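Have a look at the structure below before the remarks.
All ligand and atom numbering here is 1-based and tracks the order in the structure. Note that the structure is predicted; figures quoted are calculated from it, not measured.
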Amino acid sequence: MSTIRYERDETGVVTLILDDPSQSANTMNEAFMTSIREVTDRLHEERDDIRGVIITSAKKTFFAGGDLRDILRTGPADIPAVSENVRGLTSALRRLETLGKPVVAAIGGAALGGGLEIALACHHRIAVNHASVQIGLPEVTLGLLPGAGGITRTVRMLGVVGALTQVLLKGQRFRPAQALEAGLISELVETAAQLEPAARAWIEANPEAQQPWDRKGYRMPGGTPATPSLAQILPSVPANLRKQLKGAPYPAPLAIMSAAVEGAQVDFDTAQKIETRYFAGLSTGQTAKNMTRAFFFDMQSANGLAREYGSDNRAPVRKVVVLGAGMMGAAITYVCANAGMTVVLKDVSPDAAERGKAYSAKLLEKAVARGRKSQAAADEILARITPTVSAEDAAGAEAVIEAVFEDPDVKGKVFGEIEPYLAPGALLCSNTSTLPITLLGEKVARPEDFIGLHFFSPVDKMPLVEIIKGEKTSEDTVGRALAIVQQIKKTPILVNDSRGFFTSRVIGTFTTEGMAMLGEGIPAASIEQASTQAGYPAPVLALMDELTLTLPRKIRDETKAGVIAEGKQWTPHPADAVLDRVIDEFGRKGRSSGAGFTTMWTANESASGRD
Ligand code: NAD
């Protein structure tokens with residue numbers, strides 16, 4: 001079975017159509033590895049009759065890249081086999097770019113990872129300037145490196161520093177115009193129909209096409225590591241990288257940097273071998289497996305839940321009410337309006353409601369300034385938000401997301417005010433972080449339509465939303481909550497109603513352990529170092545300082561009271577005494593008081609913090 005169709009027309013132009021008949025997307029599976037070798041052999045055999053080559057795709061995405069399931073299957077013992085496999089692919093791509101005829105990639109859908117690496121082996125890359133076309137090498141975000149020539153070619157196109165800082169270490173997904181600016185794409189067209197004529201025109205105009213690095217007199221942009229100006233800055237690169245990673249032991253960025261710098265000092269084929277060696281090490285190691293599993297977990301949990309509850313097939317919510325225009329309410333408003341919903345943002349005073357809307361105005365202004373949104377699109381989004389104090393404005397809304405103070409009575413009151421105005425059967429959601437959903441559900445008229453929708457700050461950046469099912473929450477309500485989370489393009493997890501839900505229990509285990517260690521006499525600096533090295537983005541005690549120390553204590557005390565009220569036994573944690581002492585004896589309450597376990601803030605900084 002071939003995954004690449006080979007079509008040669010009467011003008012001698014060969015179109016290679018990436019079209020795996022066994023899948024909805026093209027990936028670097030075994031069939032592709034065989035196909036790419038076969039078509040490059042055929043191109044060389046028929047070379048004299050060929051005028052040029054266009055590579056295009058019959059799928060929605062140009063090419064989806066490596067098959068990540070392979071990463072989970074292989075271990076260090078497979079290094080020789082993995083290397084052999086990669087060599088098969090990289091030598092085929094090398095044969096493609098040294099065919100002696102112009103080769104053009106015509107990109108009408110996402111070309112990420114392996115997809116872009118195929119395109120980089122072409123002499124010219126034309127992409128459609130459309131939002132669905134993403135371009136980049138995101139391997140680093142999965143603990144991997146682009147091992148199909150991605151490092152070797154970007155270094156030769158953009159120079160060592162350019163390739164590392166702009167493309168390889170960030171793993172950014174570029175829009176077509178950004179990719180053109182970054183030098184990853186050579187030309188843009190506005191519609192898919194313009195791709196082929198543009199590719200043919202380029203072939204006509206460039207019969208002698210060659211990769212820059214195969215031309216006589218080629219010089220690497222910015223120089224090689226032997227060039228004094230580059231040699232001067234290179235020694236500081238690993239140190240800066242370690243600083244950026246905060247000492248966390250992520251192997252991929254260091255391997256990428258090594259492959260780029262070492263590969264820049266040798267010829268193309270040797271550089272490719274170096275890249276393969278680093279790739280084989282990373283792809284068979286544990287970190288890439290862990291990061292790949294996390295990626296699959298995100299996708300599978302979301303896709304699996306959508307299937308189970310049929311949330312894909314529901315009509316989108318058009319009008320939503322957000323109750324409370326504070327930190328969370330304002331940010332939830334932004335993501336809902338951004339997803340096309342009309343949002344009524346209700347608070348107790350017009351000022352508070354307006355302040356909530358101003359948050360969206362600020363984010364939109366930034367998006368326009370950075371070229372991520374047009375002014376017209378930003379204006380439209382902002383116009384969808386109505387700040388108000390009046391419940392009547394909620395008329396006909398299909399969903400409510402409540403984010404008022406963390407107090408069951410206040411929450412009960414705001415739902416009571418709004419319920420009569422909503423569309424019949426409207427979805428009722430609370431963003432509570434700690435209150436039992438079953439308890440809050442008793443405060444509304446329709447507990448079967450009530451559910452927890454727990455967002456994380458900053459809402460516009462954090463993909464996760466925890467959906468919490470109360471005792472009376474209906475299955476249909478779960479389906480609707482999943483659909484709304486999909487609509488705002490977040491990743492849902494579904495949990496039962498238990499104290500701390502899922503996320504607070506997980507993070508709580510981490511923070512209480514850190515504090516307990518301090519109580520056992522382990523120096524704070526060692527605890528911070530150990531938690532950073534374990535790969536957490538913030539050291540554990542500094543994280544407590546950011547969260548503020550009084551909030552976890554309040555939650556702990558409320559949980560304790562609740563457990564005792566249920567007639568159950570409360571077992572104190574060794575961390576409790578440490579937290580009480582830091583707050584009561586030392587007066588350090590975290591950001592709001594200017595000091596925590598390990599952090600001191602200036603008056604200005606702490607004033608902007610929250611308790
Ligand atoms: P906040 O204090 O910033 O905002 C609360 C807002 O609710 C204020 O603007 C207040 O004026 C408004 N409000 C109070 N009573 C009201 C009423 N009767 N009608 C309308 N508005 C009213 O609080 P926040 O940090 O945004 O938290 C809100 C909710 O989100 C809480 O339940 C909290 O547990 C939860 N939460 C917070 C975070 C976080 O990181 N802060 C994360 C997840 C969930």
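- The shortest N/O to N/O separation between H454 and ligand 1 does not fall below 3.5 Å.
- With rounding to the nearest 0.5 Å, the separation of CG in D557 from CG in D580 is 7.0 Å.
- Counting the atoms of ligand 1 from 1 in the order shown, those under 4.0 Å from a heavy atom of V414 are 17 (C), 18 (N), 19 (N).
- Partners of E448 by side chain to side chain donor-acceptor pair (under 3.5 Å), not counting sequence neighbours: none found.
- Taking the charged nitrogens against the carboxylate oxygens, E442 and K472 have no contact shorter than 4.0 Å, which rules out a salt bridge.
- Of the polar atoms of D347, at least one N or O is found under 3.5 Å from an N or O of ligand 1, judged by distance alone.
- Between E417 and K346 there is a salt bridge, since a side-chain N of the basic residue sits under 4.0 Å from a carboxylate O of the acidic one.
- Within the 4.0 Å heavy-atom criterion, neither part of F456 lies near ligand 1.
- Residue nearest to atom 34 (O) of ligand 1, selected from A353, S433, A391, P458: S433 (by heavy-atom distance).
- The backbone and the side chain of N431 each have at least one atom closer than 4.0 Å to an atom of ligand 1 (non-hydrogen atoms only).
- The shortest separation from a heavy atom of L323 to ligand 1 is not under 4.0 Å, leaving the residue out of contact.
- Between D545 and R588, no side-chain nitrogen of the basic residue sits less than 4.0 Å from a carboxylate oxygen of the acidic one, so the salt-bridge criterion is not met.
- Considering backbone and side-chain atoms alike, F455 places every N or O at 3.5 Å or more from each N or O of ligand 1.
- Closest heavy-atom approach to atom 29 (C) of ligand 1 within the set I418, V322, V404: this belongs to V404.
- In terms of N/O distances under 3.5 Å, ligand 1 is not approached by E402.
- Under a 4.0 Å criterion applied to the non-hydrogen atoms of G326, ligand 1 contributes the atoms 3 (O), 4 (O), 6 (C), 9 (O), 26 (O).
- Short contacts between ligand 1 and G324, defined as distances under 4.0 Å to a heavy atom of the residue, involve ligand atoms 7 (O), 12 (C), 21 (N).
- In summary, the side chains of E558 and T434 do not present any donor paired with an acceptor at a separation below 3.5 Å, with no hydrogens or angles considered.
- Only side-chain heavy atoms of S457 come within less than 4.0 Å of ligand 1; its backbone N, CA, C and O stay farther off.
- Taking a cutoff of 4.0 Å between a charged side-chain nitrogen and a carboxylate oxygen, K366 and D460 do not qualify as a salt bridge.
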Could you go through residues 516-525 and list every donor-acceptor pair under 3.5 Å that involves a side-chain atom there, pairing it with any protein atom two or more places apart or in another chain?
none

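- For the pair M328 and ligand 1, the shortest N or O to N or O distance falls below 3.5 Å.
- Here D476 pairs with R314 in a salt bridge; the nearest charged N to carboxylate O distance falls below 4.0 Å.
- In this structure, the side chains of F510 and V540 come closer than 4.5 Å at one or more pairs of heavy atoms.
- Listed by atom number, the atoms of ligand 1 under 4.0 Å from K411 heavy atoms are 31 (C), 32 (O).
- Residue contacts with ligand 1 include A403, since one or more of its heavy atoms lies under 4.0 Å from the ligand.
- Residue contact annotation: R355 has no non-hydrogen atom under 4.0 Å from ligand 1.
- For ligand 1, the atoms sitting less than 4.0 Å from at least one non-hydrogen atom of T432 are 32 (O), numbered in the order shown with element in parentheses.
- In this structure, the separation between CD1 on I467 and CG on L482 is 4.0 Å, given to the nearest 0.5 Å.
- Contact between H454 and S433 at its shortest, heavy atoms only, is NE2-CB, 3.5 Å.
- Close contacts between ligand 1 and V410 involve ligand atoms 15 (N) [criterion: under 4.0 Å to a heavy atom].
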